[in-house]
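Source: prediction; values computed, not measured. For the single chain, residues carry numbers from 1 onward in sequence order.
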Amino acid sequence: MSSQDIPEETLPSKQGDTREGAVTVKGDPFADPGLPPHEHRVQDIDERAAKRSERAVAFMFTLSMLATVGFIAAYLAIPIDKNIYVFPLGHISAMNFTLGLTLGVALFCIGAGAVHWARTLMSDEERIDERHPIEASPEVKAKVMADFAEGAKESAMGRRPLIRNTMFGALALMPLSALFLFGGLGPKPGTKLRKSKWAAGKLLVNQNTMQPLRPEDVQVGSLTFAMPQGMSEEDHDFQVQIAKAALMIVRLRPEDIKDKKELDWSVDGIVAFSKICTHVGCPISLYEQQTHHVLCPCHQSTFDLSDGGRVVFGPAGHALPQLRIKVNDKGYLEAMGDFAEPVGPAFWERG
Ligand code: FES
């Protein structure tokens, strides 16, 4: 049923509706109720309340400044490898935690201060704007500029220098956080990627059982993961070190090994290669014993372990580094030195 079908005497009367903003359309059953009477905020009628709000806003901007200073101090003072216990996250990097916390507080306080300022101290006037064409006329543009100037005046920035100064201070300090974060991109790692925990005489330890490996522990067709003797998951830099030292060991038939150097660096067909993909550093984990290929699960780079770890497929740029091994007097497999080249992508060291 349309409004035309409703007898006029049953419709709400719009005539004489004196509420602000009310639209009086004869016979309209869904009348615009208009705006309720405007209620002034306590800050508009009580100067002491306004002062309290002003101090609260200034406090938040000041807190933001302190958090930014804390961010910079944390960046400079906290050792990058220091861990702390944070419930419920467990042991995490002290620097990451502190940088995240201080940056979060700095940003939050700027936002909270601005919102509180707008809600309690800026103009509280309610307005109704009629729709207008999208393209503003020159008069409207001029009016917008005038309104903008008026808004700046109403924000009381000139009258409240405490807010203005602390806000500019907070906004000026904030970008410093980004500057210090960019500092984290450098300097170049130098020779750090060239050195791993492998050295002459280091036993090859099974990463699952933590036992030193003997040649008879490595069977044809199996893929064994190893790390250098002396490393422990409890070490504070374990993740950094294992990312360079992780090793995979397979046993091939010596006659299947095509690369002469690989054969010389092996023990009875047992070869040891870096487990870190030379594309962007994922750990390799899939071994196909018929072809002697290993596959990186990240972007499917495939390496031939019977041919010097050569790349046979995928985006990896160079072969997997091989570790030279031998059997010591006690019958255990041990390294004869570190890798001869950087493991993983090692962009900076390959010139
Ligand atoms: S990281 Fe191995 S293929 Fe991309």
Pairs of donor and acceptor atoms involving the side chains of residues 156-173, under 3.5 Å and at least two apart or interchain, shall be tabulated with distances.
{"unit_1": "Arg160", "atom_1": "NH1", "unit_2": "Glu54", "atom_2": "OE1", "d": "3.1"}
{"unit_1": "Asn165", "atom_1": "ND2", "unit_2": "Pro161", "atom_2": "O", "d": "3.2"}
{"unit_1": "Thr166", "atom_1": "OG1", "unit_2": "Leu162", "atom_2": "O", "d": "2.8"}
{"unit_1": "Thr166", "atom_1": "OG1", "unit_2": "Ile163", "atom_2": "O", "d": "3.1"}

What residues form a ring pair (Phe, Tyr, Trp, His ring centres under 6.0 Å) with Phe59, not counting sequence neighbours?
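By the ring pair (Phe, Tyr, Trp, His ring centres under 6.0 Å) rule, Phe59 matches no residue at all.
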Set of residues satisfying ring pair (Phe, Tyr, Trp, His ring centres under 6.0 Å) with respect to Tyr75, sequence neighbours excluded:
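Expected list: Phe180.
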Tell me whether [X] contacts the main-chain N or O of [Y] through its side chain, where contact means a donor paired with an acceptor under 3.5 Å.
{"X": "Asp235", "Y": "Asp237", "value": "no"}
{"X": "Trp198", "Y": "Pro228", "value": "no"}
{"X": "Gln219", "Y": "Ser222", "value": "no"}

Any chance you could pull the hydrophobic cluster mates of [X], using side-chain heavy atoms under 4.5 angstrom and chaining through other members?
{"X": "Tyr332", "result": "Leu203"}
{"X": "Leu66", "result": "none"}
{"X": "Ile276", "result": "none"}

I need the full list of ring-ring contact (aromatic ring centres under 6.0 Å, His included) pairs touching residues 281-312, with sequence neighbours left out, sorted by first then second residue.
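As it turns out, the ring-ring contact (aromatic ring centres under 6.0 Å, His included) pairs with a partner in residues 281-312, which skip direct neighbours, are His279-His299.
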Give me each pair satisfying disulfide (SG to SG under 2.5 Å) with a member in residues 247-283, each pair once, sequence neighbours excluded.
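Output for this query lists Cys282-Cys298.
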Exercise: identify the closest heavy-atom pair between Ile325 and Ala272:
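So the minimum-distance heavy-atom pair works out to CG2-CB, 4.1 Å.
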Name each donor-acceptor pair under 3.5 Å that joins a side chain in residues 80-92 to protein atoms two or more places apart or in another chain, with its distance.
{"unit_1": "Asp81", "atom_1": "OD2", "unit_2": "His236", "atom_2": "NE2", "d": "3.3"}

Show me the pairs that pass side-chain hydrogen bond (donor to acceptor under 3.5 Å, both in side chains) and involve residues 243-269, at least two apart or across chains.
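Matches after skipping sequence neighbours: Arg253-Asp256, Lys258-Asp304, Lys258-Ser306, Lys260-Asp264.
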hydrophobic_cluster_shared for Leu204 and Val343, side chain cutoff 4.5 Å:
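Yes, same cluster.
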Please tabulate, for side-chain N and O atoms in residues 109-122, each donor-acceptor pair with protein atoms closer than 3.5 Å (sequence neighbours left out).
{"unit_1": "Thr120", "atom_1": "OG1", "unit_2": "His116", "atom_2": "O", "d": "2.6"}

Anything under 3.5 Å between a donor and an acceptor, one on a side chain of residues 138-149, the other on a protein residue two or more places apart or in another chain? List them.
{"unit_1": "Glu139", "atom_1": "OE1", "unit_2": "Ser137", "atom_2": "OG", "d": "3.2"}
{"unit_1": "Lys143", "atom_1": "NZ", "unit_2": "Asp147", "atom_2": "OD2", "d": "3.2"}

